[in-house]
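Here's the structure we're looking at; comments come further down.
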Protein chains: 2
Amino acid sequence: MKISEVAQRVELPISTIRYYEKMGIITDEYILREQNNYRNYSSEILDYLQVVKNCLAVGFTINDIKSMISLKGISKEEQARIIKEKIAEIEAAQKNLENAKQTLYGLLQTDITCENGFGKYDRTVS
Amino acid sequence: MKISEVAQRVELPISTIRYYEKMGIITDEYILREQNNYRNYSSEILDYLQVVKNCLAVGFTINDIKSMISLKGISKEEQARIIKEKIAEIEAAQKNLENAKQTLYGLLQTDITCENGFGKYDRTVS
DNA sequence: GTAAACTATGAAGTATACTTTATAGCAAGA
DNA sequence: TCTTGCTATAAAGTATACTTCATAGTTTAC
């Protein structure tokens, strides 16, 4: 499928898809070039880009994703190590999310305008 | 307490703390200025900055945080609406995290080097 | 067959979140 | 006192993730 279809289906701008390729997180494996030089993507790009979107949405960088892609070239032990590291990062992010969420729930239940985490006013100085 | 103590306790660079103030997410409520013009922070800054860190870590922007701070000026209904919106965003992020985590667990269990989400090779073209 | 729409590339521009630099005043210990 | 270290500000610089622009070839609809 052509780039515009990919863009529409994964809900990313065309420019972003080309950018991801330039950055190395969309590899040749997903792309054939036609006679006219147009990119022709395999359908697997759709699931792949969804994973990429998830990863970026939760704070991983493009370089993080590149390191995950490049797992292909290294030893199983090293692969496992990197993956476990990433999982630990995700779990840390999950804790942060839960904290942030509880903070917001706290805001809902208290009087936001004076006494709570965001905007609390207290001149006590230590 | 002075800026260096805050920096150390919340584990943020001094420059970042000054930057947050400049961006408006650390307000005067947390700061007194001494005769020498040094900032003197109230102890509440510590919890507050932890919340800020959590929010930033999970994808909220400084402007998002500003909008949460500014809840003080608006109606309860509007406050509740904004907070619920933010909670919804967090829950979306939580789903993304869980997806990303499952993807990584999948990587751990499969043969990473050939058949999986990152780096799958399939020339099928639609 | 021609205009509108889609594709391509490289380079420059933008937004966000910081960090660093340059310069200078204030403070605490030897 | 003097040196080392902490504080201050403004402005410039950096990293990341894109987006836009300029230019040009290709395809499709009429």
Side-chain angles (χ1 to χ4, degrees), chain A residues 1-26 28 30-42 45 48-69 86 89 93 96 100 125-126, chain B residues 1-28 30-42 45 48-69 89 93 96 100 125-126:
Chain A
M1 79 191 85
K2 285 194 283 187
I3 197 165
S4 58
E5 186 180 345
V6 175
Q8 192 187 329
R9 299 229 260 177
V10 299
E11 295 183 295
L12 281 176
I14 289 175
S15 60
T16 302
I17 295 171
R18 284 198 275 242
Y19 170 70
Y20 286 167
E21 181 182 338
K22 195 175 170 188
M23 291 299 99
I25 61 174
I26 295 178
D28 290 350
Y30 293 107
I31 316 174
L32 287 176
R33 290 286 185 147
E34 304 196 327
Q35 314 89 304
N36 54 17
N37 198 35
Y38 285 16
R39 292 168 181 84
N40 188 336
Y41 296 91
S42 79
I45 193 80
Y48 174 68
L49 283 179
Q50 198 52 58
V51 174
V52 168
K53 281 181 75 175
N54 285 340
C55 289
L56 290 174
V58 298
F60 286 106
T61 67
I62 285 182
N63 269 334
D64 287 335
I65 294 171
K66 273 178 87 168
S67 83
M68 288 189 262
I69 292 174
K86 295 295 174 192
E89 285 175 36
N96 281 333
V125 159
S126 57
Chain B
M1 80 192 87
K2 286 195 284 185
I3 196 165
S4 59
E5 186 180 345
V6 175
Q8 193 187 329
R9 299 228 260 176
V10 300
E11 295 184 294
L12 281 175
I14 290 176
S15 60
T16 302
I17 295 170
R18 285 198 274 244
Y19 171 70
Y20 286 169
E21 181 183 340
K22 193 176 170 189
M23 291 298 100
I25 62 175
I26 295 178
T27 59
D28 291 349
Y30 293 106
I31 317 174
L32 287 176
R33 291 287 186 146
E34 304 196 327
Q35 315 87 304
N36 54 19
N37 198 34
Y38 285 14
R39 292 169 181 84
N40 188 336
Y41 295 91
S42 79
I45 193 80
Y48 175 68
L49 283 179
Q50 199 52 59
V51 173
V52 167
K53 280 181 74 175
N54 285 340
C55 289
L56 290 174
V58 299
F60 286 106
T61 66
I62 286 183
N63 268 334
D64 288 336
I65 294 171
K66 274 179 86 169
S67 82
M68 288 189 262
I69 291 175
E89 284 175 37
N96 281 334
V125 160
S126 58

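Below, chain A is the first sequence line, B the second, and so on; all start at residue 1. Values below: all heavy atoms of this structure, side chains included; hydrogens, waters and symmetry mates excluded. What you are looking at is a predicted structure, and each value in this text was computed from that prediction instead of being measured.
Counting any heavy atom pair closer than 4.0 Å across all strands shown, A/Thr16 reaches sugar-phosphate atoms only and no base atom. As judged by a 4.0 angstrom heavy-atom cut-off over every strand, B/Thr61 is placed among residues touching the sugar-phosphate backbone only. At a threshold of 4.0 angstrom between heavy atoms, the contacts of B/Arg18 include nucleobase atoms, whether or not backbone atoms are also involved.
The side-chain contact (heavy atoms from CB on, under 4.5 Å) test with A/Ile45 is passed by exactly one of A/Ile31, A/Ile3, A/Val10, A/Val6: A/Val6.
Judged by distance alone, with hydrogens and angles left aside, the side-chain atoms of B/Asn40 form no donor-acceptor pair with the main-chain N or O of B/Arg33 at under 3.5 Å. Distance alone, capped at 3.5 Å, places no donor-acceptor pair between the B/Asn54 side chain and the B/Val51 backbone.
Taking the charged nitrogens against the carboxylate oxygens, B/Glu34 and B/Lys2 have no contact shorter than 4.0 Å, which rules out a salt bridge. Using a cutoff of 4.0 Å between basic side-chain nitrogens and carboxylate oxygens, A/Glu5 and A/Arg39 are not scored as salt-bridged.
Between A/Met23 atom CE and D/dT19 atom C1' there is a gap of 13 Å when expressed in whole angstrom units. Between A/Glu21 atom CD and D/dC18 atom P there is a gap of 15 Å when expressed in whole angstrom units. Separating the CD1 atom of A/Ile17 from the P atom of D/dT19 is a distance of 10 Å, rounded to the nearest angstrom. Spacing between atom CG of B/Leu56 and atom C1' of C/dT16 amounts to 11 Å, rounded to whole angstrom units. The distance from atom CD of A/Gln8 to atom C1' of C/dC6 is 13 Å, rounded to the nearest whole Å. When rounded to the nearest whole Å, the span between NZ of A/Lys53 and C1' of D/dC18 equals 14 Å. What separates NZ of A/Lys2 from C1' of D/dT28 is a distance of 9 Å, to the nearest Å. In this structure, CD1 of A/Ile26 is placed 14 Å from P of D/dA17, rounded to the nearest angstrom.
Closest to the B/Ile62 side chain, of the nucleotides D/dT19, C/dA17, C/dT7, is C/dA17. Here the nucleotide nearest the side chain of A/Tyr38, chosen from D/dT7, C/dC6, D/dT19, is C/dC6.
Residue B/Arg39 places none of its side-chain N or O atoms closer than 4.0 Å to OP1 or OP2 of D/dT7. Between B/Ser4 and D/dT7 there is a side-chain N or O to OP1 or OP2 distance below 4.0 Å. For B/Tyr20 and C/dA17, the shortest distance from a side-chain N or O to OP1 or OP2 is not below 4.0 Å.
A residue-by-residue look at A/Asn36 and B/Ile14 shows that B/Ile14 has its nearest nucleotide of DNA chain D further toward the 5' end. Comparing B/Lys22 and B/Asn63, the nucleotide of DNA chain C nearest to each residue sits closer to the 5' end for B/Asn63.
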